[in-house]
Amino acid sequence: MPEVRVRFPPSPTGYLHIGGARTALYNWLFAKKHNGKLILRIEDTDTERSTQESIDGIIEGLEWLGITWDEGPYFQTEFSEEHVARARQLVADGHAYKCFCSKEELDRKRDVAQEAKQEYGYDGTCRRLSAAEVAEKEAGGQPFVVRFKVEREGGGEVSFDDKVLGRVSRSVNDIEDFVIVRSNGKPLYLLCNVVDDIRDRISHVIRGQDHLGNTSKQILIYRALGAQVPEFAHMPLTLDLNKAKISKRSHGEIVAVQFYKQRGFIPWALANFLLLLGWSGGDDREIYSREELIDAFVLERINKSNSIFNYRKDDPKFFTDPKAISINEHYLRTMPIEEIAALVEADFKTQGLWDDAYGTTRRAWFLETLLLIRERFHTIKDFAEMGRAYFADDYAFEEAAVRKNVLKYPELKEWMPALADRFDALPDFNLEAVEGLLRTMAEELGVKPGVLINGARAVVTGRLAGPSMFEVLVTIGRARVTARLRQVGELFARFEG
RNA sequence: GUCCCCAUCGUCUAGCCAGGUCCAGGACACCGGCCUUUCACGCCGGCGACACGAGUUCGAAUCUCGUUGGGGACGCCA
């Protein structure tokens, strides 16, 4: 295979959404797999809608996901002269012509056709203009667009072998003479994209199936320009629950990569999820490390059919596609704890929960604590929220935990401080000692150990559930544990009052 | 309306190209059980699909045709 060069060409008209991220991911994987290059090209020719903020957001999103590029970002607007030159060349070579039909006139014709449920497409009025007529209109200062002259002599088809879909054909009679240059002289996407891909020596165009219709037109442009046509791979689209294409506009933050970063997703977990939306390795494997995936990835195994992004809303646990959450959980509890620690550290710093000692003298404690509590968390955010009691004293109390495990046993008002006293008297505050003491005390009081254990859990962590209580107590430490136990009275006052 | 693409559990999918080993496998979700001081994890089990109809064949999820359904495109957006 000649040098593999692929590109990701977002138009900077909004944040990076998961569909775009998935396209970027597939391109990146393909490049890596073949020791090729990924080119990032910002298609900013739509000056009306392009923003710097969007460019920054896209780059930030790609970087967060770990999708790296080898060249760029290039900006399409920087190559306008070349686009114009190629358009002129096409006109000079007879592959394109000037069209003087007004936009209003065409809109009207289109509306009429649509109204009558008729097929519509440019009728070729200006294609038949003689050189003299064209010269006359130009001399008169009439504005014009440039249309590509689709060769329809003898019919024929434009076809290509798509890496995903197989052979795709389209009759030239179904391709209208499409516009390649606006009346203001600015070339359009169909042309710019091809000119840029030729200049960037793109070998494989991997993009969504929504571009399928563009491909036949663009192949015509490649040929007219005398360039080699690249390989194509049209990926299936990601649809919403109503089977409509997901978009920034209609779905909002739930489809933004940024949202997942904010909600505490592990970058590669999101990439892994996105990968599975339309690709499988052919076996039952679903979790891949970067290296494993680069090794396993092949374009031919991309699915042909569209997939549904099964997101939910307003569910505390499944705030997005449950599969995405489950993959994130998988990484959360299997990744090397140092890597998790780095993500938690970043989050803690934004929340004012970070203690520099966690990086130095209390490093071991910090890592062990993360190891202890990560089992039942869903995202990185949970360390600061559900796990707050391990790192700070201003943790919240779950109402259900207090009601079920504290208020139900009024005696705990005395028992908890008494337990604190006993803990203080312990020569060593370790697992065995704590467990022995708790069980002995329960026996003396004539209650089940669970009453003291769960009561202590609610008081010390504010939560209904958590890791083994003895480990929790030792981890949080004697001083903090006893102080919290002695404040049980306030809890009664707060929730009973 | 025209053109293009697609069609397996609720969702993501394996199997399809090279028809039998598939009364269709896995994952997520859901339900039940085990474990357990709690909740998770883990393990075990359950629920649950070849869109429909013809044809080819001894045999079809797999091949062919049709129907239906879904999606995309049809811009002087990208």
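Sequence lines set the chain letters: A, B, ... in the order given, protein chains first and strands last, and positions in each chain run from 1.
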I'd like to compare against my own output: the B/S/- annotation of nucleotides 25-36 of chain B with a strict under-4.0 Å heavy-atom distance to protein. BBBSSS------
For a quick check of understanding: with a heavy-atom distance under 4.0 Å over all strands, which category does A/Gly278 fall into, base, sugar-phosphate or nothing? sugar-phosphate
Between B/C12, B/A7, B/C76, spot the one nearest the side chain of A/Ser305, thanks. B/A7
Is A/Pro467 touching bases, backbone alone, or none of the nucleic acid, heavy atoms closer than 4.0 Å? base
Sequence neighbours excluded, the answer for side-chain contact (heavy atoms from CB on, under 4.5 Å) partners of A/Thr215 is A/Phe160, A/Arg207, A/Ile219, A/Phe232, A/His234
In whole angstrom, give me the gap between the P atoms of B/A54 and B/U11. 26 Å
With heavy atoms under 4.0 Å as the rule, sort A/Thr45 into base, sugar-phosphate or nothing. sugar-phosphate
Just name whichever nucleotide pairs with B/C65, Watson-Crick or G-U, keeping both distances under 3.5 Å, else none. B/G53
I want to know whether A/Tyr409 and A/Trp415 have ring centres closer than 6.0 Å. no
Gap between atoms CG and C1', on A/Asn214 and B/C3 respectively (whole Å): 13 Å
Polar pairs (N or O, both sides) under 3.5 Å between protein and nucleotides 68-71 of chain B?
from: B/G71; atom 1: O2'; to: A/Asn306; atom 2: ND2; distance (Å): 2.9

Nearest-angstrom distance from the residue atom CD of A/Glu385 to C1' of B/C39: 18 Å
Taking only the P atom of each, what is the distance from B/U8 to B/G45 in whole angstrom? 28 Å
How would you label the contact of A/Arg170 with the nucleic acid (heavy atoms, under 4.0 Å): base, sugar-phosphate, or nothing? sugar-phosphate
B/C76 C1' sits how many Å from A/Glu48 CD, rounded? 12 Å
Could you give the CH2-to-C1' distance, from A/Trp279 to B/A14, as a whole number of Å? 12 Å
C1' spacing across the pair B/C6 / B/U13, given as an integer number of angstrom: 15 Å
Which value, in whole Å, describes the distance between the P atoms of nucleotides B/C9 and B/C5? 23 Å
Residues within residues 178-187 of chain A bordering RNA chain B, heavy-atom distance below 4.0 Å: A/Val179, A/Arg182, A/Ser183
Within the 4.0 Å heavy-atom criterion, would you say A/His211 contacts the bases, only the backbone, or no part of the nucleic acid? base
Where does the angle between the aromatic ring planes of A/His95 and A/Phe148 fall among parallel (under 30°), tilted (30 to 60°) and perpendicular (over 60°)? parallel
Close approaches to RNA chain B from residues 445-452 of chain A, in residue order (heavy atom, under 4.0 Å): none
5'-most by nearest nucleotide on RNA chain B - A/Glu43 or A/Arg376: A/Arg376
Which part of the nucleic acid, if any, lies within reach of A/Lys304 when heavy atoms closer than 4.0 Å are counted: base, sugar-phosphate only, or nothing? sugar-phosphate
Could you tell me how far B/C31 sits from B/U2 if I compare only their P atoms? Round to whole Å. 47 Å
Check whether any side-chain N or O of A/Asn303 sits under 4.0 Å from OP1 or OP2 of B/A14, and answer yes or no. yes
Does a donor on one side chain sit under 3.5 Å from an acceptor on the other, for A/Thr320 and A/Tyr260? yes
Looking for any heavy atom pair under 4.0 Å, which part of the strands does A/Arg301 touch: base, sugar-phosphate only, or nothing? sugar-phosphate
Now, which nucleotide makes the Watson-Crick or G-U wobble pair with B/A14, with each of the two distances under 3.5 Å? none
Could you tell me whether A/Arg403 sits above the aromatic face of A/Phe495, with NZ or CZ closer than 6.0 angstrom to the six-membered ring centre and within 45 degrees of the axis? no
Ring centroid separation for A/Phe318 and A/Tyr311, is it under 6.0 angstrom? no
Using the P atom on both, measure B/A7 against B/C16 and round to a whole Å. 14 Å
Quick one: A/Lys404 NZ to B/U37 P, roughly how many Å, whole number? 14 Å
Hey, does the side chain of A/Arg333 come within less than 4.0 Å of B/G42's phosphate (OP1/OP2), counting only N and O? yes
Between CG of A/Asp210 and C1' of B/G72 the distance, given in whole Å, is 7 Å
Could you measure between the two P atoms, the one in B/G46 and the one in B/G26, and give it in whole Å? 10 Å
C1'-based separation of B/A49 from B/A24 [nearest Å]: 9 Å
For nucleotides 19-21 of chain B, which of its nitrogen or oxygen atoms have a protein nitrogen or oxygen under 3.5 Å away, and what is each distance?
none

Paired with B/C3: which nucleotide, if any, by Watson-Crick or G-U wobble criteria at under 3.5 Å for both distances? B/G72
For A/Tyr189 and B/A73, what is the distance between atoms OH and P respectively, to the nearest whole Å? 12 Å
